[in-house]
Amino acid sequence: MTHTPISASALSLAALLVPASAGITFGPLRAKPGESVRLVTHSETHGGTIEKTLDGKTSRGTIEITRDRELIWTFRQPASDGTLRGMVRVTKTTASTKTVINRKPENLNEVSPLTGKMFAMSKPPKGEWSFQLDGSVPRMETEAEIESMKVYLKRDWYPSHEVELGDSWEFDPVWIKMIIERDLDKAQTIGTMSLRQIRSSATTQTAVIDIAIHSSGGDFHKDGSLIKASVELSGQVVVNLGTMLDESLTLKGTITTTSDRVSEVTKTTLPLSLVATKSFVRDTALP
């Protein structure tokens with residue numbers, strides 16, 4: 001009897017089609033010695049609209065916002081007392097806003113003062129993450145970005161118990177709020193994840209997780225103005241189950257903000273697309 005050999009590609013395809021027989025448990029990041037994590041985020045709002053009403057007169061226009069960030073995180077061995085230690089290098093943090101109202105264009109390009117900087121971070125066993133800046137950058141100008149980094153390090157997106165296909169759980173998407181819209185800090189937000197698929201190959205397994213984010217709320221300012229914001233986003237995150245690195249995050253949806261002052265009301269509607277990717281690198285810039 002003759003046996004036909006099975007090709008490697010056929011075996012790989014078969015592995016992809018085999019359903020998971022058991023659940024999975026998420027865990028901490030598993031990096032090799034000397035490896036850093038490169039985080040790149042890109043968000044853009046093509047087709048955004050803006051409407052301003054001042055003293056009863058309404059003007060309309062378009063708005064596009066693009067934000068890019070690239071950070072390299074390096075985690076070192078904890079200190080003898082258990083203090084977590086690491087370094088972060090800010091390769092790029094930029095924002096570009098283009099508005100056209102009554103056919104008058106206005107462009108604003110921002111580059112963070114942290115761009116090109118590298119600084120240490122640490123967290124004692126019962127404390128919070130802190131960043132040791134060198135004093136060359138005014139703290140007030142970078143407070144929001146530093147807070148965003150702290151929130152990123154405190155992310156707790158996945159349950160500690162085993163989950164199976166179709167299982168859902170809530171998570172706090174505060175980091176996502178901070179990188180897409182500054183006016184959302186006081187909004188009430190609900191984030192939900194659902195394990196959609198487990199992909200297997202000869203070398204690794206990845207989890208495909210559906211994401212839905214709903215946010216709405218308002219904030220009264222001292223000058224009597226009211227800022228309202230809402231978000232509807234959906235997408236996916238892909239987690240490498242061998243390294244526990246969330247290799248990609250994609251989100252699409254709409255952000256709506258309304259600023260209501262004494263005699264002026266401004267409403268912006270932004271169709272958002274956000275992509276975040278992570279990869280392991282050797283950061284040769286570190287001392």
Side-chain angles (χ1 to χ4, degrees), residues 12 15 24-43 67-94 112 114-125 127-134 145-160 163 171 173 175-176 178-179 193 195 198-209 211 235-251 274-287:
S12 299
I24 61 173
T25 302
F26 296 97
L29 182 69
R30 301 165 187 159
K32 297 178 181 178
E35 283 186 331
S36 301
V37 175
R38 178 174 178 258
L39 169 64
V40 178
T41 64
H42 173 80
S43 63
R67 293 192 176 106
D68 287 286
R69 296 183 180 186
E70 181 178 342
L71 306 175
I72 295 180
W73 302 87
T74 302
F75 298 94
R76 294 175 168 171
Q77 289 294 329
S80 58
D81 65 352
T83 296
L84 302 179
R85 303 181 301 168
M87 300 287 292
V88 59
R89 180 158 65 92
V90 182
T91 305
K92 175 172 51 173
T93 299
T94 61
S112 168
L114 292 178
T115 299
K117 299 292 183 179
M118 181 170 59
F119 40 91
M121 57 190 182
S122 61
K123 178 185 179 299
E128 298 290 334
W129 281 100
S130 63
F131 294 86
Q132 290 77 54
L133 303 180
D134 60 9
E145 289 183 63
I146 295 297
E147 185 61 27
S148 174
M149 293 181 190
K150 290 181 181 179
V151 169
Y152 169 81
L153 290 171
K154 293 192 296 184
R155 289 180 317 144
D156 187 16
W157 286 3
Y158 311 111
S160 57
V163 295
F171 76 106
W175 177 68
I176 295 175
M178 294 186 75
I179 66 174
M193 288 186 170
L195 182 58
I198 299 175
R199 298 173 181 167
S200 300
S201 70
T203 58
T204 189
Q205 278 192 327
T206 56
V208 181
I209 302 168
I211 301 178
Q236 289 186 338
V237 61
V238 176
V239 180
N240 184 315
L241 297 178
T243 62
M244 289 299 161
L245 184 70
D246 42 332
E247 297 178 331
S248 68
L249 166 68
T250 57
L251 288 171
L274 168 68
V275 177
T277 59
K278 285 185 186 175
S279 59
F280 287 117
V281 297
R282 296 275 174 174
D283 190 3
T284 56
L286 287 173

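Here the structure is a predicted model, which means the values were calculated and not measured.
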Worksheet entry | Which residues share a side chain to side chain contact (heavy atoms under 4.5 Å, CB included) with Gln132, sequence neighbours left out | Ala120, Ser122, Ser130
Worksheet item: Residues two or more places apart in sequence or in another chain: which of them pass side chain to side chain contact (heavy atoms under 4.5 Å, CB included) with Arg155?
Response: Tyr152, Trp157, Trp175, Asp246, Lys278
Response to the item:
Sequence neighbours excluded, the answer for salt bridge (charged side-chain N to carboxylate O under 4.0 Å, His left out) partners of Arg69 is none
Tell me the closest heavy-atom pair linking [X] and [Y], and the distance in Å.
X	Y	result
Leu251	Gly235	CD2-N, 3.8 Å
Asp68	His42	OD1-ND1, 2.6 Å
Ile24	Ala207	CD1-CB, 4.0 Å
Phe280	Ala31	CE2-CB, 3.7 Å

Worksheet item: Would Glu35 and Arg282 satisfy side chain to side chain contact (heavy atoms under 4.5 Å, CB included), going step by step from the backbone distance to the final call?
Response: CA-CA 5 Å; Glu35 283 186 331; Arg282 296 275 174 174; 4.3 Å; yes
So do [Y] and [X] actually touch side chain to side chain, heavy atoms under 4.5 Å?
X	Y	value
Lys123	Leu153	no
Leu114	Ile146	yes
Leu241	Thr204	no
Glu128	Lys150	no
Phe171	Ile209	no

Fill in: side chain to side chain contact (heavy atoms under 4.5 Å, CB included) between Met193 and Tyr158, worked out
CA-CA 8 Å; Met193 288 186 170; Tyr158 311 111; 3.9 Å; yes
When rounded to the nearest 0.5 angstrom, what is the spacing between [atom1] in [X] and [atom2] in [Y]?
X	Y	atom1	atom2	value
Leu249	Thr277	CG	OG1	10.0 Å
Glu70	Thr41	CD	OG1	9.5 Å
Asn240	Leu29	CG	CG	10.0 Å
Lys117	Leu133	NZ	CG	9.5 Å
Trp129	Glu147	CH2	CD	14.5 Å
Met87	Ile72	CE	CD1	11.5 Å

Item to complete: Please report the C-alpha distance between Thr250 and Gln236 in whole Å, then the side-chain angles of each, then the deciding distance to 0.1 Å, and finally whether the side-chain hydrogen bond (donor to acceptor under 3.5 Å, both in side chains) criterion is met.
Response: CA-CA 5 Å; Thr250 57; Gln236 289 186 338; 5.5 Å; no
Item to complete: Give the C-alpha distance, both sets of side-chain angles, the deciding distance and a yes or no for side-chain hydrogen bond (donor to acceptor under 3.5 Å, both in side chains) between Ser112 and Glu145.
Response: CA-CA 9 Å; Ser112 168; Glu145 289 183 63; 2.6 Å; yes
Worksheet item: Arg30 side chain to Gly242 main-chain N or O, any donor-acceptor pair under 3.5 Å?
Response: yes
